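All of these numbers come straight from a predicted model, not from anything done at the bench. Every chain is numbered from 1 and lettered A, B, ... according to where its sequence line falls, protein lines coming before strand lines.
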Amino acid sequence: MRMSRLFSQTLRDVPGEAELPSHQLLLKAGLVRPLSAGSYSYLPLARRALTKIEDIIRDEIDAIGGQEITMPVVHPASLWQETGRWYQVGPEMARFKDRAERDMVLGMTHEEVIADLVRQEVRSYRQLPCLLYQIQTKYRDEPRARGGLIRVREFTMKDSYSLDADWEGLDAQYRAHFQAYFNIFQRCHLPVIAVRSDVGMMGGQMAHEYMYLNAIGEDTLVLCDGCGYAANRQVAAARLPAAEAEGALPSEPVATPDTPTIEALAELLQVPTARTAKAVFFMATIAGGEGEVDRERFVFAVVRGDSELNETKLTNAIGARDLRPAREEEIRAVGAEPGYASPVGLRGDGVLVVVDELIPQSPNLVAGANQPGYHLRHTNYGRDYTADHVADLVLARDGDPCAQCGGTLRTSRGVEVGNIFKLGTRYTEALEAVFLDSAGNSKPVIMGSYGIGSGRLLSCVIEEHHDEGGIRFPISVAPYHVSCVALLQRAPEVAEAAERLYQEAWSQGVEMLLDDRDATPGVKFNDADLIGLPLRLTLGARSLRQGGAELKARDSEESRIVPLDEVVSTLRAEVDRLLAESRGRVSTVPYAD
RNA sequence: CGGGGCGUAGCGUAGCCUGGUAGCGCGUCGGCUUUGGGAGCCGAAGGCCCCCGGUUCAAAUCCGGGCGCCCCGACCA
């Protein structure tokens with residue numbers, strides 16, 4: 001490509017809306033342009049980089065047996081009604097009616113369509129295992145797009161789906177993806193870790209997320225340097241403190257004016273916050289099935305005063321679709337007093353009481369008396385109240401002891417660039433996607449699903465690889481291999497040499513972006529740095545006097561003069577060396593579940 | 001959905017408080033000069049000041065409503 005013909009222009013000033021370096025650089029270097037919040041056009045440079053990323057993904061998924069397909073973006077709602085997700089998924093799924101007034105959805109993921117394909121095509125265990133994938137547009141009506149390409153509404157995702165006859169097969173395909181994903185990110189020069197994660201709306205048995213550790217990340221991760229434990233904070237568990245050895249004392253009311261917070265209460269009574277119980281109230285949406293409406297139920301959650309509630313854990317513990325904080329009048333309606341509440345003596349009908357697993361082990365806690373200004377000393381689980389569920393409900397925090405090894409947990413932020421799910425039979429049972437096993441029994445196919453967002457991956461690569469001057473593309477992702485800065489001034493022989501090298505480079509598979517614009521050297525050098533191709537070839541009157549062209553790497557200050565008749569072979573060798581180095585980054589990562 | 005910020009030429013912005021001819025830098029176009037790290041001079045084009053309504057002799061400016069974008073939170077693959 002000649003830059004005089006390149007559709008996109010670089011910007012001198014970055015549009016004010018961009019804050020993250022990757023977002024600024026994507027705009028400044030002319031890779032993307034916004035259409036509306038969370039949707040972008042990908043201009044030629046971005047398109048080429050994305051194609052490189054997608055080809056790496058194809059290479060690695062093909063290598064574990066993947067077969068590429070393409071599924072529709074628009075799905076009939078009936079399919080999603082069959083699996084129940086029509087009712088479970090909220091407004092992030094875009095819905096509309098077609099001309100015949102049929103409900104339709106824009107595909108945000110494709111488990112339903114895959115399961116539908118399976119029920120049409122798969123008859124026998126002999127057709128399994130199987131791995132299908134596509135690289136395709138997804139639409140999710142995000143409540144809040146942010147960070148350029150970090151979170152968008154419309155994006156491209158590689159989604160693969162494994163199909164197996166047995167659980168061992170699922171395990172094998174899951175592990176194959178576990179490593180293939182590391183290979184993909186390593187080949188894109190993006191450092192990631194795999195963490196355990198919530199299954200969310202996907203359902204299923206287990207999931208990992210691939211996280212690029214960076215402060216710009218939206219997720220909080222809990223990590224243990226001692227044993228390598230790594231989990232999304234949504235599911236991370238810390239070690240339970242040892243049970244208190246203390247007999248139950250008789251409970252008694254105590255006047256505690258103006259103590260609506262745990263801190264104020266502990267201060268007034270001179271007890272540690274660990275000797276108090278904290279109440280948190282929600283209205284949970286329990287999904288109705290086909291033909292049923294969703295129900296709302298009051299949830300009374302209790303954790304110890306020294307811990308924080310983890311809403312994901314609570315949601316999972318009660319199987320809710322959604323939680324929202326309860327309003328004051330809703331809290332009063334069940335007989336609780338905001339700021340002074342406990343499950344003791346609630347008007348119980350319809351209230352779902354859920355307590356953290358630490359509560360039954362913690363005797364004689366101070367808890368609310370359900371009257372303004374009063375608490376109860378020495379409340380005890382089992383004697384004074386019981387719960388519908390006892391479960392781990394607390395947020396793991398920086399400095400907590402590790403559940404596995406007792407080491408110290410730390411937290412870090414990360415961007416989720418990929419995920420893998422063991423789905424099991426959740427979709428195939430609902431859609432009756434079954435096969436006959438060798439004994440002639442009909443069984444549901446066992447599924448896994450695996451996703452990587454290529455645009456988010458691109459923005460993370462830029463976030464990781466940039467400096468003040470611009471992007472520093474790794475060779476494997478770079479839109480072109482080399483920028484040729486042709487300083488054309490008053491030297492027709494420069495233009496001729498540049499044109500000759502350009503033709504020869506492409507004929508040898510060296511992808512050259514030739515800056516043939518009528519611009520000053522400063523502009524061209526700055527744009528070359530900004531776009532950030534791994535190699536830069538400078539051709540000017542000066543370099544010709546010195547015997548050729550000047551070759552420099554984007555991430556180095558050193559340059560050398562290469563004779564003109566050796567330039568393309570030198571570039572070819574340099575590109576091959578960089579590509580080989582890039583592939584050599586792949587290394588095996590021990591599987592940990 | 002809650003909180004905050006912002007919408008003025010392609011981009012970055014001043015003006016708004018205190019109403020009265022819409023300004024600057026970059027970019028763009030033409031000319032001359034210049035040419036190894038965002039050149040100089042001369043000339044030019046380019047504005048429903050986000051939209052609708054109100055107040056006023058007069059609104060970019062004040063008031064009301066709406067829309068859009070960004071950030072934090074909630075939420076989320």
Side-chain angles (χ1 to χ4, degrees), chain A residues 8-20 23-24 27-28 30 33-39 89-93 107-111 138-148 150-153 155-159 197-204 207-211 216 218-219 232 234 282 285 311-312 315 321-325 415-421 423 449-453 455-457 468-470 485-491 494 515 517-530 536 538-546 549-550 552 557 559:
Chain A
S8 55
Q9 306 288 306
T10 57
L11 306 177
R12 286 235 174 162
D13 301 306
V14 181
E17 73 245 31
E19 286 202 354
L20 302 185
H23 188 193
Q24 293 179 347
L27 293 168
K28 193 171 186 217
R33 294 291 180 249
L35 177 63
S36 65
S39 71
V89 178
E92 62 271 23
M93 181 156 73
M108 53 192 299
T109 179
H110 280 71
E111 285 76 15
K138 298 280 184 280
Y139 188 85
R140 296 182 187 179
D141 193 354
E142 287 292 335
R144 186 179 156 215
R146 57 181 296 260
I150 294 293
R151 176 164 297 274
V152 290
R153 293 207 164 93
F155 60 102
T156 303
M157 183 163 111
K158 185 288 298 174
D159 42 329
S197 69
D198 186 41
V199 294
M201 71 157 186
M202 305 299 293
H208 284 87
E209 292 168 337
Y210 288 75
M211 291 287 178
I216 70 167
E218 303 179 281
D219 290 279
N232 193 305
Q234 292 179 326
F282 294 93
T285 306
E311 289 186 31
T312 302
T315 305
R321 185 183 99 184
D322 196 28
L323 288 182
R324 66 167 173 85
V415 182
E416 180 188 347
V417 287
N419 54 41
I420 57 178
F421 291 90
L423 296 177
S449 91
Y450 316 85
I452 292 181
R456 186 182 283 182
L457 176 50
E468 300 73 37
V485 175
L487 303 172
L488 304 164
Q489 68 285 352
R490 287 201 296 206
V494 171
D515 193 346
R517 295 174 301 172
D518 178 21
T520 58
V523 170
K524 293 189 176 192
F525 284 126
N526 279 305
D527 276 351
D529 287 347
L530 176 61
R536 188 185 80 188
T538 305
L539 199 57
R542 184 198 289 178
S543 74
L544 287 179
R545 273 200 308 280
Q546 292 172 325
E550 178 195 294
K552 177 186 166 299
E557 289 310 308
S559 66

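Taking atom CD of residue A:Glu218 and atom P of nucleotide B:C76, one finds them 12 Å apart after rounding to whole Å. Taking atom CG of A:Leu11 as the reference point, atom P of B:U13 lies 13 Å away to the nearest angstrom. Rounded to whole Å, the distance from CZ on A:Arg12 to P on B:G10 is 18 Å. Remark: C1' of B:C76 and CZ of A:Arg140 are 9 Å apart, rounded to the nearest angstrom. We find that CE of A:Met157 is positioned 13 Å from C1' of B:C76, with the value rounded to whole Å. Atom CZ of A:Phe525 is separated from atom P of B:G36 by 9 Å (rounded to the nearest Å). A:Arg144 places its CZ atom 6 Å from the P atom of B:C71, with the value rounded to the nearest Å.
Spacing between B:U61 and B:U18 at atom P, rounded to whole Å, works out to 14 Å. Nucleotides B:C62 and B:U21, compared at atom P, are 16 Å apart to the nearest Å. Comparing B:C48 with B:G53, their C1' atoms sit 16 Å apart, to the nearest whole Å. Here, B:G20 and B:G38 have their P atoms 41 Å apart, quoted to the whole Å. B:G73 and B:G65 have their C1' atoms separated by 27 Å, given to the nearest Å. When the C1' atom is compared between B:G66 and B:A58, the two are found 25 Å apart, to the nearest whole Å. Across B:G27 and B:A9, the matching C1' atoms stand 11 Å from one another, rounded to whole Å. A gap of 26 Å separates the C1' atoms of B:U28 and B:G36, to the nearest Å.
Across all strands shown, B:G37 forms no Watson-Crick or G-U wobble pair with both key distances under 3.5 Å. Pairing partner, B:G30: B:C42, with both Watson-Crick or wobble hydrogen-bond distances short of 3.5 Å. Using N1 to N3 plus N6-O4 or O6-N4 for Watson-Crick, or N1-O2 and O6-N3 for G-U wobble, each under 3.5 Å, B:C49 pairs with nothing. When Watson-Crick and G-U wobble pairs are counted only if both distances are under 3.5 Å, B:C67 pairs with B:G7. Nucleotide B:C1 forms a Watson-Crick or G-U wobble pair with B:G73, both donor-acceptor distances falling under 3.5 Å. Of all nucleotides present, only B:C57 satisfies the Watson-Crick or G-U wobble test against B:G20, with each distance under 3.5 Å.
Under 4.0 Å is where a charged nitrogen must lie from a carboxylate oxygen, and between A:Glu557 and A:Lys552 no such pair does.
For A:Thr520 and B:A39, the shortest distance from a side-chain N or O to OP1 or OP2 is below 4.0 Å.
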Open item on the list: side chain to side chain donor-acceptor pair (under 3.5 Å) for A:Thr312 and A:Asp198? Distances and angles first, verdict last.
Closed with: CA-CA 8 Å; A:Thr312 302; A:Asp198 186 41; 5.1 Å; no
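In this structure, A:Asp159 reaches neither bases nor backbone, as no heavy-atom distance under 4.0 Å exists between it and the strands shown. At the heavy-atom level, A:Gly148 lies nowhere under 4.0 Å from the strands shown. Within 4.0 Å of A:Arg324, counting heavy atoms only, lies no atom of the nucleic acid at all. Residue A:Arg456 is classed as a base contact, given a heavy-atom separation below 4.0 Å to a base. Using a 4.0 Å heavy-atom distance criterion, A:Phe155 is classed as a base contact.
Atom NE2 in A:His23 sits 11.5 Å away from atom CZ in A:Arg146 (nearest 0.5 Å).
The shortest heavy-atom contact between A:Ala486 and A:Lys524 is O-NZ, 2.7 Å.
Formation of a donor-acceptor pair under 3.5 Å by the A:Arg456 side chain with backbone atoms of A:Glu416 is found in this model.
Each of A:Gly16 and A:Pro521 has a nearest nucleotide on RNA chain B; the 5'-most of these lies closest to A:Gly16. Positionally, the nearest nucleotide of RNA chain B for A:Val14 lies more toward the 5' end than for the other of A:Val14 and A:Gln546.
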